[in-house]
Structure formats: C-alpha cells, structure tokens
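Small disclaimer: the values here were computed from a predicted structure and weren't measured.
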Amino acid sequence: MVAGPILRHVTERSVTVWLITSRDNPARLSVTDDAPLSGSSESQQIQVGKNAFIQLVTLELENPLTPGGRYEYGIRFDDEQISAQWEQEQSTLLYEDNARLDFRFQTELSDVLHGSCRKPHHPVDDALLRVDQLIEQEKKGQNTRPDMLLMTGDQVYCDDVAGPMLQAIEQVVDRLGLFHEDIEGAVIENTSELSGHEFNYYQRENILPQIELNTALSKLFFGAKKKPVFTSVNAHNHLISLSEVIAMYILVWSDALWSEIRFDATRITEAHREQFSQEQEQIEKFAAGLPQVRRALAHLPVYMIFDDHDVTDDWNLTRGWEEQVYGNPLSRRMVGNALIGYWLCQGWGNQPGVFEDIVATASEQFTANGLVRHDEFIDTLFEFEQWHYTLATSPPVCVLDTRTRRWRSESSLDKPSGLMDWEALCEFQQDIIGKQSVIVVSAAPIYGVKFIEAIQKVFTFFGKALTVDAENWMAHKGTANVILNIFRHYKTPPSFIILSGDVHYSFVYDVRLRFRRNSPHITQFTCSGLKNTFPDKLLKKLETLNRWLYGRRSPLNMFTRRRKMSVRAREIDTKGAGTLLNHSAVGQLILNANDEPAVCRALCADQDTIEFPPNRDDE
C-alpha cells in the first residue's frame, strides 16, 4: 500500500475507499458493527505504472448503516501473503487501543471541517495535523470526531513544486515504474529524458511551451519575442508528465515511500542550491507529519474539488488563456495529465457512480505498457461536465465546479471568464431551491474582500487580469448577476452556508438582503490555506484600506454589484486582530439544531484555535 487508504464517499448503503498498491491484486472491503455486515465488495483498478495500481474499492451493503454509528472496516487481498503484509503495515494507521480502521456515519451534519491550499514547501506547519488530533481526542473520550472533511481546492500544486519535491517525485517514478510518455512540441521527445536534462531543476520554463508574439493578447502581457504559454510565476519546476502528477499525489498523502527518498544538492546548479536547501528543510518537516495526516484521512469521510493549482495557475481564467494553452500540444497534454491525476486521485472517489463511462474507457486505454490513445482520453475528460456533486446529507452539501464550465467573455480575449456559466448556475439553483438549508462549497469565495476585488477590476480594465489573478465571482457581469439573483430568489434556502478557500487567509461574512424583511441568513466561511499564507504586511494594508473605503456605511458600497446586500465581516475573537486571519488553518463549522452555523473557528497549524463570533445584531 503506497498510498491510502483514504475513506471517501460514504452513504447508508455503500462505503468507498481509495488506495494505491504496488501489486496487481484487487482489494476487498469489509465493514463491521458487532458482526461483519453483509454486502458485495468491488475493486475498480487502474494501472498507472509497472508497480502502481490505483484502486477504488466500494462495498455495497444489503442493510443500511445507522446514522451516528461507529463502524470498523478492513481491507484484504486475494493473496494471503499480501494481506498479512498489509495487516502489519496498517498498524501505523491505527489509534491507540484500536485493532482496526474505523469511521462514524453521519447524515445529520453538525461538525464539518474544510480547507484548501496545501503547498508542501510553504514555511508553515501543516494544518491537517489538527484533523488527526480531533480524531485522537475522540479515542480518548474527549469529544466526537467531525462528520467529514471537505477539501476545497489546491490539494496539490502541479505548477509550483519545490526542487527537493521534484527529486522525490523522480525517485517515486523510478521506484514504481510509473509510465513515461511521448510528448510533442517540447525540446525533449519523451518524459524519460527529463531527469537528466540541464533544465530539469528550477529552469523548466525553458522546456515548457512558448508562443510567438503574434496576438494582441500576447503583446499586451509580454514584452519579448517569446513567452511561456503558462502564466504561473512559479513554473520553474512545473510538472509535465502524468507519472510526475501521480507521484506527487503519493508523496503529499502518504509516508510509505518517504523513507527511501534521498536528496542530492549536487544535481542542482550553484545558483539554486541555497533555495534547494531552504526548501529541503520545509519538505522534510512536511514529510515528518504525513503518518498523522495519512491516519486521519483513513478515519474520516473526505470529499474534494479542484481549483487552479491542482492543474496549473490561472486554469481557464480567460478565453485568451484557453486558446493559447489548448492550442499548443504540450501545454494541452500537461493540463490533461493534471486532470487525469485529479480524476484518479480526487474526483473519482467523490461519487463513484458518476464516472462509470469514464472507468469503462479507462479500462481499455490504461494498459500494462502505459496509456494508449493518451490525447483521446484527455479529450474525454475535457468534455466531462459532472465534476460537481451534491451529498444527500442534512443539510445537503452542494460542491460547485468553478473551473471547467465557465462563462467566457465574448467581447474580449483577456477579460476574466465567469466562474460558472448560465446553464451550470441554473442546474445549481434547481438543486437547492425549496430546501430549508444548504451548504455550498465554492473554491473561490462568492463574497470577497471588496478592496481587493476593486484592484482586480482596475487591472482587468487595462487588460491585466492575469497579473492580479482576477478570479472572483463579481469579475464577470453575467455570472455575478445570476448568482446574486439566486440568493434573492424567494425560494432560496433560509439558511445558506458557503464554504470556500483559495485566497490564503480566512474570514467570515454574514450577508443579508437589503430592504427585505425575510432575508435568507447567508454565512460565508472562508478558510485558507491548510499549508499556505498571504504576505502578512500586505494583507494588513489591504484590510486597513478595505475598512476605510468599504466600511459598513461607506457610500462606495453602492457602486459594487452587491449593493442590494449587506455584507458584514466578523471580527476575530482576539481583540484588535481585525477580520482577516493570516494563519495556516483548517476550518471547523459547528451547526445548531436548525442547521445554522453556531460556531465558525479556525484550527491553526500552530495549535491556536481562533473563533469568528457573530456580530451582536446578527445573533
């Protein structure tokens, strides 16, 4: 077991677990209450390397699980020797005095964790360690573990990779025999040539696709004859192959192979060795916490959705970006590889039944010799439109796809696309209409910091949307109008909770409709990142300017798209701390009996616990 098990989609009649094994040996899943529960276990397996098999194992139960019940689960293999080996391996994933892995099944949500943006080499601690602590507290009788963990974007950074992490990725690719691939439009012909290439470390922008300055968009953004297709400013170690993407997932979620990893600074040019050394310190610290992270993910239902860094920075930000990236064979392949990695390691486990046609296609195209008709399979994923999903809990959880079904600008190549198009927004409205309460997961906050959005609007006006990452819900007129009209609809749920991340700081907004007596109670809880933060001095200046210019009674609010709504930021419970929290943290949402947010708190990686108490007149 080189990665996993990660507990994924759990319903009354099914339990799904994701894992990666080094042998072609399908796993079988069992669930036990007082006795083993009757059911049928099926493993769907995709081979991604000579010694790498991604498995999604689902147990279909004859009788439903009991809400609130604690259940143990076990994984076995047809080969008894491998099963015995796994029994020894899994001991490191068990909490004290436990003989088996376990979980709690909940349909009535009262305690939900969420977080995003987990960059291994960022110089802060990993907030996912707090999740392990919460489960461990239950084992000691101190509390009940949370109901689920929602990972709201940027679970991996394919475009921003540390040099030591890239070395680790190469070793995992070799160790597991992850398949290399032929590529077109690069200075190399096969990804096996990357390891020894002079530009492999910290200079991959010289390998990545470039464009001639033959469009107005190109001339506007870049001042040289050629510039990279990808817009990430940290693309010096950008992942290229599918094998690298798979290796990255293994390394950020599992400690199994880290003991074999060796770093070698002599392979790095003198100009980058100091950076390599600094990154190595952070990567080693990150890896040291993985046993606890892996243990937590095995004991709590985990749901995920992508944001841009799961693929590449600014993914589908503008129509011009899309034309340039998808028009180049190498950049199209790289985006496709990251999306394949997302499907295999994240999306597939959210709601397995949705992907039956893709699994059928994959079973023909993933072979013992590698992925055949590689670009054809990528096209299949590009055309797929069901990355979003809804969990049948109370309240229901609606997870939005804000990346692949975008409302593209027709007037300009360089204007930001809407995060969701009209059809996707209409489908979302139909999912939530008439319900009493709902939790909506949007990778980007629907209600952002107004001053920051104003800066993005100015840059967009001058054709520089990519410069300031102008991806917010208000940046596209059509999308903004539709999403705000959804909130104003008379059948909108009275209790509306938005969970988001992306921005690398945390805050809570309470939103009410102006001039309406029966306004829905809209609470947005943004928590970011799990292992990432915003430049501290800059954030404090932005918050101060936002207070001055867009305070509660500022007339400037009348010039925003949200002028018909009252948006109030909650003050952090620490006196004088303001409203924006710049800590690596996982968010914890506690719901009351009416499915309304009773507590919004940030469980910080540095062990602080910080709450955002409601404004007095909103209580």
Can you find a side-chain donor-acceptor pair between [X] and [Y] that sits under 3.5 Å?
| X | Y | result |
| --- | --- | --- |
| Arg570 | Asn615 | no |
| Gln292 | Arg295 | no |
| Ser500 | Gln524 | no |
| Arg104 | Thr144 | no |
| Glu284 | Gln280 | yes |
| Ser14 | His9 | no |
| Arg294 | Thr92 | no |
| Asp310 | Gln346 | yes |
| Asp431 | Tyr389 | no |

Is [X] reaching over with its side chain to a backbone N or O of [Y], donor-acceptor style, under 3.5 angstrom?
| X | Y | answer |
| --- | --- | --- |
| Asp307 | Ala444 | no |
| Thr107 | Thr393 | no |
| Arg8 | Val302 | yes |
| Lys531 | Val124 | yes |

Is the shortest distance from a Lys or Arg side-chain nitrogen in Lys139 or Asp102 to a carboxylate oxygen in the other one below 4.0 Å?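 So Lys139 pairs with Asp102 through a salt bridge.
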Short N-O contact, Lys119 and Asp154, less than 4.0 angstrom: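 Salt bridge absent between Lys119 and Asp154.
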Looking only at non-hydrogen atoms, find the nearest pair between [X] and [Y] and report the distance.
| X | Y | result |
| --- | --- | --- |
| Ile432 | Pro493 | O-CG, 3.4 Å |
| Leu603 | Leu113 | CD1-CD2, 4.3 Å |
| His583 | Cys604 | CB-SG, 3.8 Å |
| Tyr303 | Pro301 | CE1-CB, 4.1 Å |
| Leu400 | Met420 | CD1-SD, 3.9 Å |
| Asp401 | Phe306 | OD1-CE1, 3.2 Å |

Parallel, tilted or perpendicular: which fits the ring planes of Phe534 and Tyr505, with parallel below 30° and perpendicular above 60°?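 Perpendicular.
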Name the orientation class of the two ring planes belonging to Phe496 and Phe428 (parallel below 30°, tilted from 30 to 60°, perpendicular beyond 60°).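 It falls in the perpendicular class, over 60°.
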Please step through side-chain hydrogen bond (donor to acceptor under 3.5 Å, both in side chains) for the pair Thr579 and Arg547, ending with a clear verdict. CA-CA 10 Å; Thr579 61; Arg547 282 177 178 269; 4.5 Å; no
Tell me if the centroids of the rings in Tyr509 and Phe507 come within less than 6.0 Å of each other.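 Yes, close enough.
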Applying side chain to side chain contact (heavy atoms under 4.5 Å, CB included), run through Leu149 and Leu297 and close with a yes or a no. CA-CA 9 Å; Leu149 169 64; Leu297 298 182; 3.9 Å; yes
Gln137 atom CD, over 12 foreign heavy atoms within 6.0 Å: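 Counting neighbours around CD of Gln137, more than 12 heavy atoms of other residues, nucleotides or ligands fall under 6.0 Å, so yes.
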Carefully, step by step, assess Lys285 and Asp126 under the rule salt bridge (Lys or Arg N to Asp or Glu O under 4.0 Å). CA-CA 9 Å; Lys285 188 176 182 181; Asp126 188 353; over 6 Å; no
